[in-house]
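Here's the structure we're looking at; comments come further down.
A note on names: the letters A, B, ... follow the listed sequences, proteins ahead of strands, and every chain is numbered from 1.
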Number of protein chains: 2
Amino acid sequence: MNIKEAATKFDLTADTLRYYERIGVMPPVTRNQSGYRDYQVRDLNWIYLVKKLRDAGLTIESLIEFATLAQMDRTQDVQAAQKTILNDQLEVIDQKIQELNDTRKLLSFKIDTYDEHLALFADGKTMPDPLWKENL
Amino acid sequence: MNIKEAATKFDLTADTLRYYERIGVMPPVTRNQSGYRDYQVRDLNWIYLVKKLRDAGLTIESLIEFATLAQMDRTQDVQAAQKTILNDQLEVIDQKIQELNDTRKLLSFKIDTYDEHLALFADGKTMPDPLWKENL
DNA sequence: ATAAACCTTATAGTTAACTCCAAGGCAAGA
DNA sequence: TCTTGCCTTGGAGTTAACTATAAGGTTTAT
């Protein structure tokens, strides 16, 4: 599969795929005789994973860290490091989920009490209970 | 409350607070005789809301849109627009939560099947089922 | 009364993550 | 064979969201 097809399949641009490969977010992709990239299932799996994790808000840097380890010899140490990274990233995601749930609560509170609450909030009028005292 | 106190209370920098005010993410803050910012409860509420929504991944641009409306006369039209924005942002957050839950599934799958699966994935060896066919 | 530690605005610089461009090679159809 | 549409690399440009600097005013402690 050429780069354009691979890019559109995952809703990315060819430039982004080349960029990801160049900076080491994913390992070097298979090439054909002319030196063109020819994406295999393995490469597509990498794109899928990278896309998911990027969309979830993980940084390029943490993905490079993981991809780098993935290309090393799988010694005990490297395996342990990989597991650590995966677990760290899981924790990051769990935190983000928690944060989003809190924000969701705040926002739906503001929507529910829109008329009496938000009007006061946006005006200069005094508000009895400050929002930031965690009274969602 | 001066800018430094306000900033540290919400784990931001004074520069960021000035920046938020300048670009219109929040309305102008109360000033004292010397022209120094003196944050009131109302201002702190704004910071709280902005921080939450930024941390949840909403863009500066959408916050400017909301803050701009909040400073207008509260006509029927403006109220409708504000409610629309709040509901749109709620939808954005719900999408993000959904996305994170999917990613969480993928990641914990990779952790659970680490030894048999990830090793194959990272190597050049063939993988029977492509990840991107939604088989989490 | 002077130094330290705040504050102000205006403007320039930084960082992350792309995104685009130039210059040129390869492949398929009229 | 020539045009169209891919592809390549290297490097420059862009955008969002800060972050830092300069030049100067205020407040507080010694």
Inset, instruction - Taking salt bridge (charged side-chain N to carboxylate O under 4.0 Å, His left out) as the test, write out the residues that go with A/Glu99, two or more places apart. - result: none

Measure from [atom1] on [X] to [atom2] on [N] and round the result to the nearest Å.
X       : N      : atom1 : atom2 : result
A/Leu17 : D/dC6  : CG    : C1'   : 15 Å
A/Arg31 : D/dC7  : CZ    : P     : 12 Å
A/Ile23 : D/dG10 : CD1   : P     : 15 Å

Contact summary for [X] and [Y], nearest pair of heavy atoms:
X        : Y       : answer
A/Val29  : A/Tyr39 : CG2-CE2, 3.5 Å
A/Ile47  : A/Ala6  : CD1-CB, 4.3 Å
A/Leu12  : A/Leu17 : CD1-CD2, 3.9 Å
A/Thr103 : B/Lys52 : OG1-O, 3.6 Å

Legend entry - Heavy-atom check, side chain of A/Phe10 versus side chain of A/Leu44, under 4.5 Å: yes

Inset, instruction - Would you indicate whether the side-chain heavy atoms of A/Asn101 and B/Ile97 approach each other to under 4.5 Å? - result: yes

Inset, instruction - Decide if atom CG of A/Asn32 counts as having more than 12 heavy atoms of other residues, nucleotides or ligands within a radius under 6.0 Å. - result: yes

Residues in side chain to side chain donor-acceptor pair (under 3.5 Å) contact with [X], at least two apart in sequence or another chain:
X        : value
A/Asp94  : B/Arg104
B/Gln95  : none
B/Lys51  : B/Asp55
B/Ser108 : none

Inset, instruction - Using the heavy-atom set of chain A and a strict 4.0 Å cut-off, write down the first and last nucleotide of DNA chain C that makes it in, 5' to 3'. - result: C/dA17 to C/dA27

Legend entry - D/dT26 phosphate, OP1 or OP2, under 4.0 Å from B/Arg37 side-chain N/O: no

Legend entry - A/Asn2 side chain near D/dC7 phosphate (N/O to OP1/OP2, under 4.0 Å): yes

Inset, instruction - Report which part of the nucleic acid A/Ile3 touches: base, sugar-phosphate, or nothing (heavy-atom distance under 4.0 Å, all strands). - result: sugar-phosphate

Inset, instruction - Would you work out how much the helix from C/dA1-D/dT30 to C/dA30-D/dT1 bends between its ends, with each end axis defined by five base pairs, to 10 degrees? - result: 10°

Legend entry - A/Thr8: partners by side-chain contact (heavy atoms from CB on, under 4.5 Å), with sequence neighbours left out: none

Inset, instruction - Take B/Arg37 and B/Arg18, measure what side chain to side chain contact (heavy atoms under 4.5 Å, CB included) needs, and give me the verdict at the end. - result: CA-CA 9 Å; B/Arg37 288 173 185 81; B/Arg18 288 195 206 96; 3.8 Å; yes

Inset, instruction - For A/Gln98 and A/Asp102, test the side chains for any donor-to-acceptor distance below 3.5 angstrom and give the result as yes or no. - result: yes

Atom pairs, protein N/O to nucleotides 22-25 of chain D N/O, distance under 3.5 Å:
residue	atom	partner	partner atom	Å
D/dG25	N2	B/Tyr36	OH	2.2
D/dG25	N3	B/Tyr36	OH	3.4

Legend entry - Close residues, residues 91-100 of chain A, relative to DNA chain D [heavy-atom separation under 4.0 Å]: none

Side chains of residues 56-68 of chain B: which donor-acceptor pairs under 3.5 Å do they make with residues two or more places apart or in other chains?
residue	atom	partner	partner atom	Å
B/Thr59	OG1	B/Ser62	N	3.2
B/Ser62	OG	B/Thr59	O	3.0
B/Ser62	OG	B/Gln89	NE2	3.4
B/Thr68	OG1	B/Ile64	O	2.6

Give each protein N/O atom lying under 3.5 Å from an N/O atom of nucleotides 17-20 of chain D, with the pair distance.
residue	atom	partner	partner atom	Å
D/dA17	OP1	B/Ile60	N	3.4
D/dC18	OP2	B/Tyr20	OH	3.0
D/dC18	OP2	B/Arg54	NE	3.0
D/dC18	OP2	B/Arg54	NH2	3.3
D/dA20	N7	B/Asp15	OD2	3.4

